[in-house]
Asker: 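This is the structure I have questions about; it appears just below.
Worth saying up front: this structure is predicted, and the values here are computed from it rather than measured. Atoms considered below: every heavy atom in the structure, side chains included; atoms not considered: hydrogens, waters and symmetry mates.
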2 protein chains.
Amino acid sequence: MASHGVRGRGGGRPTLEEVAARAGVGRGTVSRVINGSPRVSDATRAAVEAAVAELGYVPNTAARALAANRTDAIALVVPEPETRFFAEPYFSDMLRGVGAALSDTEMQLLLIFAGSDRERQRLADYLAAHRVDGVLLVSVHADDPLPDMLAQLEIPAVISGPRSAAETLTSVDSDNYGGARQAVEHLIGRGRRRIAHITGRLDVYGAQRRVDGYRDALRDAGHPEDELMIEAGDFSEEGGRGAMAALLERRPDLDAVFAASDVTAAGARHALREAGRRIPEDVALVGYDDSAIARHMDPPLTSVRQPIEEMGRSMIDLLLAEVADRRPPASRELDRRQVVLATELVARASS
Amino acid sequence: MASHGVRGRGGGRPTLEEVAARAGVGRGTVSRVINGSPRVSDATRAAVEAAVAELGYVPNTAARALAANRTDAIALVVPEPETRFFAEPYFSDMLRGVGAALSDTEMQLLLIFAGSDRERQRLADYLAAHRVDGVLLVSVHADDPLPDMLAQLEIPAVISGPRSAAETLTSVDSDNYGGARQAVEHLIGRGRRRIAHITGRLDVYGAQRRVDGYRDALRDAGHPEDELMIEAGDFSEEGGRGAMAALLERRPDLDAVFAASDVTAAGARHALREAGRRIPEDVALVGYDDSAIARHMDPPLTSVRQPIEEMGRSMIDLLLAEVADRRPPASRELDRRQVVLATELVARASS
DNA sequence: AGGTACTGTGGGAGCGCTCCCACAAGTGAT
DNA sequence: ATCACTTGTGGGAGCGCTCCCACAGTACCT
């Protein structure tokens, strides 16, 4: 019998109070049960659970958030202005991992775009209002002020792809260095001798690490150093095409190329075709990401697979841990965590 | 200065009350100002706005949600269990449109996965708790109970890709029928006479519409009907391959194929290659979606582009309108809206 | 017997808003 | 001058929770 002050509420969903009345206990006890407190007798717990089931009670998140000063939500912030990153399988794979990890919890996932200035401002207000318990950061550039803002607001955050070796935030990354080594060692194993590298955007730490891996793999195999075999790309197809053309000009005798991304490799492939080089007979080609493009390229592209879904999972695990044990930031810095996950080479016909 | 009852709150963010004190007005007045009520004098409004700026006040969403019984959040529900859909550019493009449309509002976007049974259950609880003001539904199958659940809970919802011609929810879709016609008419224009079609999953309404478009385009061009030229696929690469093989067996003289998706076309391409048919010399190939795969295929694939980003935008616009004017469901049914956006053929070397 | 320590429980206070009623002050018709 | 509105404003009540204090009951020491 909906009684006093019914404000057109959607059919009067049951409240904690009603559950308490039904179970013949106090409000506090119901709260303890639904929050899994151990300080409740078994009999009482059973009675409350029965009442919850009978009434179809679902806690009101807003009330809980207001009273407990937490939100049970985390945000995934996508700072990319040009949403290039966004269209890559990278994004959806990570989302899948994040979603899977989250489905074990009560946490909700908010998607926040911070490309434009206005979106940035909105994000800043949003974070200032502490409307999420934690933040997942992907694809952040070295000069982005976001991580510092987060640190200042003391909002737990995990970043995918550390900005540098000195990353202060908890981070999850794939082994860019090792992945590059795998690619180059694979090419060496295939008998290639003059292996070039088209880099990614070098303001991205992971791209730098791939260059390091490329260099070290060659050095360890006793190959002479040759800076002319390295050309800067920017992860784009056009960049790959241009870089490949430059490399062919400088080192027409090259017999293999390791590209910092599959899209870059696709660009390189065009340039190679135009120059009349066959893949893999004349020039072997290896990409990075193992995206759909790699599988559908002609010939199919050998590529380095990152365990992206697993990275998403890891990020959630780390973030939830930080949210849970909310320590003073001082101590937090001591055991900051940098997780690095192994990559895997997927060999195909291009090499 | 922090006085009574400070519960370790994060540095005491200012409240409505504090803004009111600072501006020398009452709480109600501040509330009116921040909610844009017209019933405030200009002088008072200015004073309140100044106080808001000085204090850096940001409203507490939880309190607002609790008091006003709304959440200022909408959910994007992804019901796909196998997240195939998810890896398609389709998803990220739509997300981009949704994000763009949303950035003009105060609404937040929640991403909810409803693949597994557990996720389903969580979603049901979530919706029952009215934790979002509206729901965006993508990639919903004909037998999914979700739309009905939404209707019963009276939660505004917009669906992308109506489940049938009799869709009861507000929907946004691209013109599958027209897109298929464009593809077939393009092939006819190129002088092709024996045009086959590999369908998508026929339990998806859009796939049916593409078949209709294919049929009508041929009929209108005076081509004889030939059911043997149609083979069922399932949007997958493997399905495309198998369907192509079957078609070649039945109609070895076919000279063109319209595939219901780019991925399907990629599968068809493999089968054609294996059969020794050249593309486009022997058989012209047209796909659907204009995904990255189409651009990177060899030869590049002619494909039908859907205005997906625009669809995302439209969905948000429609949903927010429904959220805003919360009418009784009865009247809502009368002017339910079905928006259909035009497609565009992107001609490439495969046809 | 008295103390101390727990365990389980009830319920007051309060989280920061919105809603709405009350009311002061101004405006115009009667 | 009286009444009836309108406009702008203040502040009480209440949204549904969590937190925490108080307290009854039981158990185990001295």
Asker: Rounded to whole Å, please give me the gap between CG in N69(B) and P in dG16(D).
Answerer: 8 Å

Asker: Less than 3.5 Å between a donor and an acceptor, one on the side chain of R32(B) and one on the base of dG10(D), is that the case here?
Answerer: yes

Asker: Could you state the CZ-C1' distance from R131(B) to dC15(D), rounded to the nearest angstrom?
Answerer: 16 Å

Asker: By side-chain hydrogen bond (donor to acceptor under 3.5 Å, both in side chains), which residues pair with E106(A), not counting sequence neighbours?
Answerer: none

Asker: Using the test salt bridge (Lys or Arg N to Asp or Glu O under 4.0 Å), find all partners of E54(B) that sit at least two apart in sequence or belong to another chain.
Answerer: R22(B)

Asker: Taking salt bridge (Lys or Arg N to Asp or Glu O under 4.0 Å) as the definition, give me every residue that meets it alongside D72(B), ordered by chain and number, with sequence neighbours left out.
Answerer: R70(B)

Asker: To the nearest Å, how far apart are L66(A) CG and dG14(D) C1'?
Answerer: 12 Å

Asker: In whole Å, what is the span from the NE2 atom of H130(B) to the P atom of dG16(D)?
Answerer: 13 Å

Asker: Once you round it to whole Å, what is the distance between C1' of dT18(C) and CG of L16(B)?
Answerer: 9 Å

Asker: Enumerate the residue pairs fulfilling salt bridge (Lys or Arg N to Asp or Glu O under 4.0 Å) with a member in residues 312-321 of chain A, sequence neighbours excluded, ordered by first and then second residue.
Answerer: none

Asker: For S41(A), check side-chain hydrogen bond (donor to acceptor under 3.5 Å, both in side chains) against everything at least two apart and list the hits.
Answerer: T44(A)

Asker: So what's the dot-bracket for DNA chain D: Watson-Crick or G-U pairs under 3.5 Å, [ ] if a pair crosses, | if it pairs off-strand?
Answerer: ||||||||||||||||||||||||||||||

Asker: Atom CG in D133(A), atom CD1 in I155(A): separation rounded to 0.5 Å?
Answerer: 9.5 Å

Asker: Return the residues of residues 56-63 of chain B meeting this criterion: a heavy atom under 4.0 Å from some atom of DNA chain C. Order them by number, or give none.
Answerer: Y57(B), P59(B), N60(B), A63(B)

Asker: Rounded to the Å, how far apart are R64(B) CZ and dC15(C) P?
Answerer: 19 Å

Asker: Tell me whether the OP1 or OP2 atom of dG10(C) has a side-chain N or O from T29(A) closer than 4.0 Å.
Answerer: yes

Asker: List for me each residue that meets side-chain hydrogen bond (donor to acceptor under 3.5 Å, both in side chains) alongside Q121(A), sequence neighbours excluded, and say none if there are none.
Answerer: D125(A)

Asker: Nearest-Å distance, CZ (R70(A)) to C1' (dG16(C))?
Answerer: 17 Å

Asker: Please list, chain by chain and in numerical order, all residues satisfying salt bridge (Lys or Arg N to Asp or Glu O under 4.0 Å) with D104(A), sequence neighbours excluded.
Answerer: R118(B)

Asker: Nearest 0.5 angstrom please: L150(B) CG to T168(B) OG1, how far?
Answerer: 10.5 Å

Asker: Partners of D144(A) by salt bridge (Lys or Arg N to Asp or Glu O under 4.0 Å), sequence neighbours excluded?
Answerer: R120(A)

Asker: Please name all residues satisfying side-chain hydrogen bond (donor to acceptor under 3.5 Å, both in side chains) with S171(B), sequence neighbours left out, ordered by chain then number.
Answerer: Q338(B)

Asker: R27(A) CZ to dC19(D) C1': how many Å, rounded?
Answerer: 10 Å

Asker: Strictly below 4.0 Å: does S31(B) bring a side-chain N or O up to OP1 or OP2 of dC17(C)?
Answerer: no

Asker: Go through residues 33-52 of chain A and report each residue with a non-hydrogen atom lying under 4.0 Å from DNA chain D, sorted by number.
Answerer: N35(A)

